[in-house]
Amino acid sequence: METLGVLMMCPMIPPYLEEELDKKCKLFRCWESSDKKEFLKQNSNSIRAIVGNVFVGADAETIEALPNLEIVSSFSVGLDKVDLGKCRERGIRVTNTPDVLTDDVADLAIGLILATLRRICESDRYVRSGLWMKKGDFKLTTKFTGKSVGIVGLGRIGLAIAKRAEAFSCPISYYSRSEKTDSKFKYYSSILDLAANCQILVVACPLTKETYHIINREVIEALGPKGVLVNIGRGPLVDEPELVSALVEGRLGGAGLDVFEHEPEPPEQLFGLDNVVLLPHVGSGTWETRKDMADLVIGNLEAHVLKKPLLTPVV
Ligand code: NAP
């Protein structure tokens, strides 16, 4: 792989991926230049691969600037930051990191549900600020076990969430474009019906043109003042101003959010609300999973160079 020119789009956590790419390939660090256009122009002949992530991928402009680009190996499962159409057009291969992160993201979704319903973060603040001593017992919260859970996108992560929620005796239902014939869970062909018939709605589908703002005002109204929304998919799946106003006005019961429309800038109106739990997009953020993801990124590049089948091809 030593001759493979790889453009890494931004620093990634942990540094393991960058260190390994540096050892194994000819690495170009996109963030080291303040003039990206000029940087790409100077190195355009050498770069044959792009490694991006959930924040910076391979947009049309970057792809067009690289005439020798052969593969985009993304350090993420979601490919909303990769121009897949452009890649198909140019015959550029695309890979992602499915499966290895599924458990972590599903674990975190359950964590968000519990934290939101049981007010774990608020309780923690109550203890740390001395209010327990001053004011006495904390208020009562809401039970998770047995609540109905609706899942938007019963894919790898959605299914892993469903399995975990089943262990909490939750009835599970889901919405996706097609009914999963091998699934025992109740299918709704309308997201509105799903939202109206569950108490906790978990968003776990990819961000595409069709799913942008799939959680809109109507869906939020259908979930209602006792309902809880959990988003571990992507921020733009939710119409965020609508979500904020519903939470502020008490038209939605609560929200657990790992992702936001404009990261890393979640809406400040949410900061003062105790019925929301806010996380900095950390679904796959464990040492174990990030190492497995990095190995998959490298494995795909190696397979490409050796002309072997790619490990996790998308395009
Ligand atoms: P997956 O296995 O491909 O599952 C995606 C599911 O979404 C499928 O069930 C699919 O079913 C459904 N879907 C696709 N388009 C849809 C549409 N237009 N309307 C309704 N449902 C639709 O993907 P995954 O591995 O579970 O990952 C799902 C997403 O989670 C990723 O794309 C990524 O954005 C997000 N994610 C977030 C984090 C994080 O850190 N928070 C980490 C990893 C992944 P149909 O084809 O039947 O519609």
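Just so you know, ligand 1 is whichever comes first in the structure, and atom 1 is the first atom listed for that ligand. Below, all heavy atoms of this structure are taken into account, side chains as well, without hydrogens, waters or symmetry copies.
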(message) Tell me which one of E2, E302, E18, E19 satisfies salt bridge (charged side-chain N to carboxylate O under 4.0 Å, His left out) with K24.
(response) E302
(message) How far is atom 33 (C) of ligand 1 from the closest protein heavy atom, and which atom is that?
(response) R234 NH1, 3.7 Å
(request) May I ask you to identify the nearest protein heavy atom to atom 2 (O) of ligand 1, giving residue, atom name and distance to one decimal place in Å? (result) R156 N, 2.9 Å
(request) Would you indicate which of D104, V105, I157 comes nearest to atom 42 (C) of ligand 1 when only heavy atoms are counted? (result) V105
(request) Compare P206, G235, A106 and give the one whose heavy atom is closest to atom 13 (N) of ligand 1. (result) P206
(message) For the 3.5 Å polar cut-off, considering only N or O atoms, please tell me whether T102 and ligand 1 meet it.
(response) no
(request) For ligand 1, find out whether one of its N or O atoms is nearer than 3.5 Å to an N or O atom of V77. (result) no
(message) If the condition is ring-ring contact (aromatic ring centres under 6.0 Å, His included), which residues does F185 pass it with, not counting sequence neighbours?
(response) none
(request) State whether the shortest distance between N or O atoms of I232 and N or O atoms of ligand 1 falls below 3.5 angstrom. (result) yes
(message) Geometry only, no angles: is Y175 polar-contacting ligand 1 at N/O separations under 3.5 Å?
(response) no
(message) Within this structure, what is the OH-CG distance for the pair Y175 and L194, rounded to the nearest 0.5 Å?
(response) 9.5 Å
(request) Scan side-chain atoms only and decide if S73 and T95 contain a donor-acceptor pair under the 3.5 Å cut-off. (result) yes
(message) Can you confirm whether the side chains of D59 and T62 place a donor and an acceptor under 3.5 Å from each other?
(response) yes
(request) Measure the acute angle between the ring planes of Y126 and F138, then classify it against the limits of 30° and 60° as parallel, tilted or perpendicular. (result) perpendicular
(request) May I ask you to check if ligand 1 and V282 share an N or O to N or O distance below 3.5 Å? (result) no
(request) Only heavy atoms count here, so choose which of G233, S76, G285 is nearest to atom 35 (C) of ligand 1. (result) G233
(request) Please indicate whether any nitrogen or oxygen in H281 is less than 3.5 Å from any nitrogen or oxygen in ligand 1. (result) yes
(message) Any atom of ligand 1 sitting under 4.0 Å from a heavy atom of Y174?
(response) no
(message) Between ligand 1 and A204, can you find any atom pair, the residue atom being a heavy atom, that is separated by under 4.0 Å?
(response) yes
(message) Among all the protein's non-hydrogen atoms, which is closest to atom 14 (C) of ligand 1, and how far away is it?
(response) R177 NH2, 3.4 Å
(request) With K186 as the cation and Y188 as the aromatic partner, state whether NZ or CZ is under 6.0 Å from the six-membered ring centre and within 45° of the axis. (result) yes
(request) Drop me the distance from L40's CG to Q42's CD, to the nearest 0.5 angstrom. (result) 10.0 Å
(message) If you take the nearest heavy atom of each of S183, G153, G155, which one is closest to atom 4 (O) of ligand 1?
(response) G155
(message) Tell me whether the rings of Y187 and Y174 are parallel (<30°), tilted (30 to 60°) or perpendicular (>60°).
(response) tilted
(message) Using heavy atoms and a 4.0 Å limit, tell me yes or no: is K180 in contact with ligand 1?
(response) yes
(request) Rounded to the nearest 0.5 Å, what's the gap from CZ on F75 to CG on N53? Could you check? (result) 7.5 Å
(message) If you measure every N or O of T208 against every N or O of ligand 1, does any of those distances drop under 3.5 Å?
(response) no
